[in-house]
Amino acid sequence: HRPLVLPLHGNLAPEQQDEVLRSTGPASKAGRQRRVILATPIAESSITIDGVVAVVDSGLRRAPRYDPATAINRLETVGFTAAYLHGSSR
C-alpha cells in the first residue's frame, strides 16, 4: 500500500487540518493506511499526532533578515544553528 501524503500548515482550512489529524482507525496486521504528514516546524512543535513513529526534519527554517541595500526585512531560508536546536534561540 502506498502511504497517504498530507500537508499540514496554518493556511489549510480547519476541516483540512482536522482530516490530517484524524486517526485512520486502529492498527492491525493488515494495517491502517500509513500517512506521511508534511508539516511546518510550528505545526510540528505545537501538536501531537497519534501513531507517529518517526519525524524527519529538513533542518531548514524561514528567518527574517534585514537587507541594508533595500532597507527591508525579508524572509530567508536558513539552516538551524546548534543553539536553535537546543532551545536557546526560540
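- The side chain to side chain contact (heavy atoms under 4.5 Å, CB included) check on Ile72 picks up Thr70, with sequence neighbours excluded.
- In terms of heavy-atom proximity, Gln17 sits nearest to Leu8 at CG-CD1, 4.1 Å.
- Going from atom CZ of Arg62 over to atom CZ of Arg74 covers 9.0 Å, rounded to the nearest 0.5 Å.
- Each salt bridge (charged side-chain N to carboxylate O under 4.0 Å, His left out) pair with one or both residues in residues 1-17, not counting sequence neighbours, would appear here, but there are none.
- Residues Leu4 and Ile37 are members of one and the same hydrophobic cluster, defined by side-chain heavy-atom contacts under 4.5 angstrom among Ile, Leu, Val, Met, Phe, Trp and Tyr.
- Residues Val20 and Pro7 share a closest heavy-atom pair of CG2-O, 3.4 Å.
- Between Leu6 and Val36, every side-chain heavy-atom pair lies at or beyond the 4.5 Å cut-off.
- Atom OG1 of Thr77 sits about 10.5 Å away from atom CZ of Arg65, to the nearest 0.5 Å.
- Distance check: Glu76 CD to Leu60 CG gives 11.5 Å after rounding to the nearest 0.5 Å.
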